[in-house]
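Below: one structure, written as structure tokens.
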There are 2 protein chains.
Amino acid sequence: MIEMSDHDHSFCIDRVLADAKAVCAEKGVRLTDQRQSVLRVLAASHVPSSAYDILNQLNKERKEKGETMLAPVSIYRALEFLIQHGIIHRIESRNAYVACNEGPDARHRHGEATIFLLCDKCGRAAEFQSESLGGLIETIAGKVKFSPNAPVMEIRGLCEECQKLEGNG
Amino acid sequence: MIEMSDHDHSFCIDRVLADAKAVCAEKGVRLTDQRQSVLRVLAASHVPSSAYDILNQLNKERKEKGETMLAPVSIYRALEFLIQHGIIHRIESRNAYVACNEGPDARHRHGEATIFLLCDKCGRAAEFQSESLGGLIETIAGKVKFSPNAPVMEIRGLCEECQKLEGNG
DNA sequence: CAGCGATGTGATACAATATAACAAGTCCGA
DNA sequence: TCGGACTTGTTATATTGTATCACATCGCTG
């Protein structure tokens, strides 16, 4: 596995939610319950989730509480909001979404790039920030006068654990 | 192009095809042109491809040659055959297929990365190959013992022309 | 040339992804 | 508290991707 599996996810969740609240407060937008719950599901997992993964998870919880079910569009609306405010990323190559998990300042640093290492076998993801990568990208983009947004790189391959399994099989 | 990559996949393809021919000869089954072409597409990529990726690639080639288009089922039939004889793997979690590449370090040798600069406004794309970016990625991935395939980076932003228009409008 | 495996063709099943259109509810400042 | 903007609910449907069935035809090989 790419990341430690034995850490307590509640820490990640709390940090992500706190970070999101700060961002929304600063921008004067509303982090509603529904948006929060979508974010919480994403933050609880280091594997990118599809919109329908989130939908099923939330509806499962709601069913247990006897609440009404959500429709897909509710998830997409929340996702759209969270992406718009830089609180989550969309993994284009997978139609999946992940919470930014690098701490409150990562997003605001300039010239950094986000890297996702995506395991093709088990689906797990690890996120990194790299200044040198960001710099390199700016150099490349600068040569063709391209103005990059916060760059996100998706690298596919095999995580440590799956490489071991590959050796056996 | 900023940097040209001199890596030629023909080596990988030749080896995979040769292996497949040997396997089929040994088993007395036929590695037909169509099966070979599906295998070639898989072997040409270090990233797992979906059945429809393969279909589109082959049909693109066929279109250029003025040949008739293939239907999805043709691809599935070839895939089924190749899987059956252990020539390719199916990546269950991805609905994707990949050629068995017995050369253990093939994946690490390339050291190249592909970068797409995608304009959010006009949709244009520019593609680059970068060795230095590839090296940087290997460094980062190496820290967590992640084994990257040929990485593809998608950078969204504004191209030169659209930046100018943005200024005006 | 007969038989069988391979391929072509068209239809369709099924799931995942995503959005449209409109109604209803909720929040917040004036 | 009123009005408007934002948010959510509801229903329906578009779009794409994944996969298989049924049957006709081709073409290699014995």
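By convention in this document, chain letters (A, B, ...) are assigned in the order of the sequence lines, proteins followed by strands, and residues within each chain are numbered from 1. A quick note: this is a predicted structure, and the numbers were derived from the prediction, not measured.
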Just to verify, what does [X] make a side chain to side chain contact (heavy atoms under 4.5 Å, CB included) with, not counting sequence neighbours?
X      : value
D53(A) : S49(A), S50(A)
V29(A) : C24(A), K27(A), F81(A), H85(A)
K63(B) : M69(B)
K21(A) : L31(A), Q36(A)

With sequence neighbours left out, write down each residue that passes salt bridge (Lys or Arg N to Asp or Glu O under 4.0 Å) with [X], or none if nothing qualifies.
X      : answer
E80(B) : none
R30(A) : none
E67(A) : none

**Prompt:** Where along nucleotides 5-21 of chain C does protein come under 4.0 Å, by heavy atom, of base (B) or sugar-phosphate alone (S), with - for untouched nucleotides?
**Reply:** -SBBBB------BBBBB
**Message:** Can you list, in residue-number order, the parts of residues 21-28 of chain B that come under 4.0 Å of DNA chain D, counting heavy atoms only?
**Reply:**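 The answer is none.
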**Request:** Kindly give the heavy-atom pair with the smallest separation between I75(B) and L70(B), and that separation in Å.
**Result:**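 Scanning both residues completely, I find the closest heavy atoms to be CD1-CD1, 4.2 Å.
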**DNA chain D: 5'-most and 3'-most nucleotides touching chain A, 4.0 angstrom heavy-atom criterion** =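 In short, chain A contacts DNA chain D from dT7(D) to dT11(D).
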**Prompt:** Under the side chain to side chain donor-acceptor pair (under 3.5 Å) test, which residues partner E61(B), sequence neighbours left out?
**Reply:**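 By the side chain to side chain donor-acceptor pair (under 3.5 Å) rule, E61(B) matches R40(B), Q57(B).
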**Request:** Check side chain to side chain donor-acceptor pair (under 3.5 Å) between N56(B) and all other residues, then give those that pass, not counting sequence neighbours.
**Result:**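 By the side chain to side chain donor-acceptor pair (under 3.5 Å) rule, N56(B) matches no residue at all.
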